[in-house]
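Down below is the structure, laid out as structure tokens.
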Amino acid sequence: MLDIRLIREKPDFVRERLATRGSGDEGKIDEVLRVDTERRKTETALQQLNADRKKLSREIGGKKSRGEATDELEQRVRQIAEEIADLNARAAAAEDEQNNLLLQIANLPHESVPTGEDPSANRVVRTWGEKPGLNEPADHVALGARLNLFDLERAAKLSGSGFICFTGAGAKLERALINFMIDLHTREHDYIEISPPFLVRRDCMIGTTQLPKFEADMYGLEDNQLFLAPTAEVPLTNFHREEILAVADLPKKFVAYTPCFRREAGAAGRETRGIIRVHQFDKVELVKITTPEKSYDELESLTADAERVLQMLGLHYRVLELCTGDLGFGSAKTYDIEVWSPGQNAFLEVSSCSNFEGFQARRMHLRFKDRDGKNRFCHTLNGSGLALPRLFAALIENYQQPDGSVRLPEKLQPYFGAERIGMTNVEEMTK
RNA sequence: GGUGAGGUGGCUGAGUGGUUGAAAGCAGCGCUUUGCUAAAGCGCCGUAGCCCAAAAGGCUACCGAGGGUUCGAAUCCCUCCCUCACCGCCA
């Protein structure tokens, strides 16, 4: 959430920056300021009463030890206690209200973010590689069916639409990609591997901004309190929640493979064809916890770390800088990485690398002690490195061969244990 | 799931109703002194919020969380969470 002090001191600036998102959050600022004023007024009065009560109660203690009468004093304190109870309730209500308001207001876009209303204003910052010269390429659904890499009908039988069941060589390829990416990030990019719980508490979901605003998109358990994590961002970023880290230990760099669970009840259509948009998917996630001074450099390097996966796999991609109107709720700046999909004849988002600045850290009380011994909020970042189904789809589409097989990029071969996926694999799988 | 014990400041650990935000020790920071790595003495040393233009300063809250009892609670009562030990069950 935003710092209430910033809102208090520079309300016009905050309103102006929020307005660039086009979500109307700037209209909530007056309400926040009103509640904040009310809250502080109440708290000040409450504290005065508490001070009075404390003083009188001590007097009573003194008198009692000397055997003096205290009836009158006790009567007065009783009265004060009633007023305190009343003010206390009001102060707590104001605090709740303020908090609830703040939790619903988006982060301020960084000044470098291009202003714009929708994705058409996103800026392509770079492109890598080029489109493969394929003649009438099959899309991943056709390829997957031909090579028995996944079975969407049977997945639907198990869990409904929007689920994938990888089979045989497909399951193995999924696993090979996971291992390949984790090895790359741990060995060459210095991330610490984490294997976190997939179920997380409500507080963690609030910390990384999935809640309270997007509860409808999340899977929650009946007994409540626990949610299926929609991304490893949640457990990784919350890993140090409510802690005060030493500057010397920053940045913290985590990588994790986890399944991700999302309701996102979108209508069926081209967007949801095949394995492009599903309720459960695998993802390797990168998270960094750092200082305000370094977070933007860390965003660049995190993005580069994610891009490296595509470079090593030899896949054509581009990097977009999202405009203010397309920015996620908690993000101050985001780069999307999109891989080329010959089957869709379009770029597919496989990673979204964001700097949240102190927005998440403030929600989860994640701080560090700076060189002057002062506690300050950390900056948090994350990005996929990468999301698997789309990478999977792009990979088989880009590497499809005229004979119907899929040749695997060299770097992946040791992980998969073969150079290609062909009809031999199919026969093995179906016998 | 059952039984028992327990959750106090960065750590260890006192504290069972009154001036305790909290003894003591350790760690950390500063100063002094002696002087080769080190020791001794003294001082400082939690977090958050509020008041104040700001600094200085002041006030309030916080002893796992939330309620309650009381003039007054770290201390008593209730609920919940977590940790540890043993038992049961189980991949």
Side-chain angles (χ1 to χ4, degrees), chain A residues 1-11 32-103 195-207 211 220-227 235 238-250 252 259 358 361-378:
Chain A
M1 57 184 147
L2 296 175
D3 186 352
I4 182 62
R5 276 177 232 210
L6 179 67
I7 297 177
R8 207 142 68 199
E9 284 158 23
K10 298 179 178 172
V32 170
L33 288 171
R34 206 210 81 230
V35 174
D36 178 54
T37 305
E38 164 70 15
R39 193 199 95 239
R40 287 186 296 154
K41 221 177 75 192
T42 314
E43 271 179 25
T44 305
L46 176 65
Q47 289 176 2
Q48 185 53 50
L49 286 177
N50 267 323
D52 292 348
R53 171 170 71 176
K54 202 166 168 181
K55 191 163 149 253
L56 291 178
S57 286
R58 279 180 183 171
E59 260 179 59
I60 291 171
K63 284 193 184 238
K64 285 211 163 171
S65 66
R66 275 176 265 122
E68 297 172 26
T70 58
D71 290 359
E72 194 190 322
L73 274 181
E74 286 187 28
Q75 190 51 44
R76 274 171 62 193
V77 178
R78 251 188 291 266
Q79 266 173 29
I80 292 174
E82 275 175 41
E83 290 177 55
I84 286 177
D86 178 49
L87 274 187
N88 207 2
R90 277 169 51 195
E95 199 185 331
D96 276 359
E97 198 183 345
Q98 177 175 322
N99 222 5
N100 290 337
L101 282 167
L102 285 177
L103 287 175
S195 179
F198 304 154
L199 290 170
V200 292
R201 309 172 93 104
R202 176 169 219 106
D203 283 349
C204 292
M205 294 284 277
I206 291 173
L211 296 181
L221 267 55
E222 282 297 313
D223 72 356
N224 212 1
Q225 294 327 318
L226 290 179
F227 291 82
N238 279 283
F239 190 76
H240 287 295
R241 82 193 320 273
E242 285 159 44
E243 291 184 31
I244 300 174
L245 305 170
V247 240
D249 296 338
L250 300 177
K252 296 274 184 186
R362 211 169 283 117
R363 290 178 167 221
M364 58 178 78
H365 298 290
L366 169 59
R367 292 169 294 174
F368 71 100
K369 203 174 270 294
D370 70 14
R371 311 229 178 256
D372 300 325
K374 245 188 100 195
N375 295 331
R376 297 164 62 200
F377 287 109
C378 297

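What you see is a predicted model; the values in this text were computed from it and never measured. A note on names: the letters A, B, ... follow the listed sequences, proteins ahead of strands, and every chain is numbered from 1.
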Are A:N50 and A:R53 side-chain neighbours, meaning at least one heavy-atom pair lies under 4.5 Å?
yes

Is A:R201 close to A:L226 at the side-chain level, that is, under 4.5 Å between some pair of heavy atoms?
yes

Euclidean distance for P, B:rA48 against B:rA38 (whole angstrom):
33 Å

Nucleotide B:rG58, atom C1' - distance to CG of A:N50 in whole Å
15 Å

Give me the stems containing RNA chain B, sorted by first residue, counting only three or more consecutive Watson-Crick or G-U pairs with both distances under 3.5 Å; say none if there aren't any.
B:1-7 with B:81-87, B:10-12 with B:24-26, B:28-32 with B:40-44, B:46-51 with B:57-62, B:64-68 with B:76-80

Whole-Å distance between B:rU20 P and A:K54 NZ?
10 Å

Could you state the atom-to-atom distance from CG of A:L56 to P of B:rU19 in whole Å?
15 Å

So do A:L366 and A:R241 actually touch side chain to side chain, heavy atoms under 4.5 Å?
no

For B:rC26 and B:rU19, measure between their P atoms and round to the nearest Å.
27 Å

Any base atoms under 4.0 Å from A:R76, or only sugar-phosphate, or nothing? Heavy atoms, all strands.
nothing

Could you check which of B:rC71, B:rU20, B:rA61 has an atom nearest any side-chain atom of A:E74?
B:rC71

Base, sugar-phosphate, or nothing: which does A:I60 touch, judged by heavy atoms less than 4.0 Å apart?
base

In whole Å, what separates the P atom of B:rC29 from that of B:rG46?
15 Å

With C1' as the reference atom in both, quote the distance from B:rG49 to B:rC44 in angstrom, rounded to an integer.
24 Å

Taking only the P atom of each, what is the distance from B:rC84 to B:rC31 in whole angstrom?
43 Å

Nearest of B:rC81, B:rG18, B:rA61 to any side-chain atom of A:S57?
B:rG18

Using a 4.0 Å heavy-atom cut-off across all strands, classify A:K64 as base, sugar-phosphate, or nothing.
base

Length of the CG-C1' vector between A:L226 and B:rC81, whole Å
13 Å

Pairwise P distance for B:rG57 and B:rU16, with rounding to whole Å:
34 Å

N/O (side chain, A:R78) to phosphate O (OP1/OP2, B:rC71) under 4.0 Å:
yes

So CG of A:L199 and SG of A:C204: to nearest 0.5 Å the spacing works out to 11.5 Å

When the distance from CD of A:E83 to C1' of B:rC71 is rounded to whole Å, what number comes out?
15 Å

Nearest whole Å is fine: how far is B:rU60 C1' from A:D52 CG?
12 Å

Please state the P separation for the pair B:rG7 and B:rA65 - nearest whole angstrom.
13 Å

Using whole Å, what does the distance between atom P of nucleotide B:rA54 and atom CD of A:E9 come to?
9 Å

Could you verify whether a donor N or O on one side chain and an acceptor N or O on the other, from A:Q48 and A:D52, lie under 3.5 Å apart?
yes

For nucleotides B:rG67 and B:rA73, find the distance between their P atoms and express it as a whole number of Å.
14 Å

Below 3.5 Å between N/O atoms, which protein atoms pair up with nucleotides 45-51 of chain B? Just atom names and distances, please.
unit_1	atom_1	unit_2	atom_2	d
B:rU47	O3'	A:R367	NH1	3.2
B:rA48	OP1	A:R367	NH1	2.7
B:rG49	OP1	A:R5	NH2	3.2
B:rG49	OP2	A:R5	NH2	3.3
B:rG49	O3'	A:R39	NH2	3.4
B:rG49	O2'	A:E43	OE1	2.8
B:rG49	N2	A:Q47	OE1	3.0
B:rG49	N2	A:Q47	NE2	3.1
B:rC50	OP1	A:R39	NH2	2.9
B:rC50	O2'	A:T44	OG1	2.7

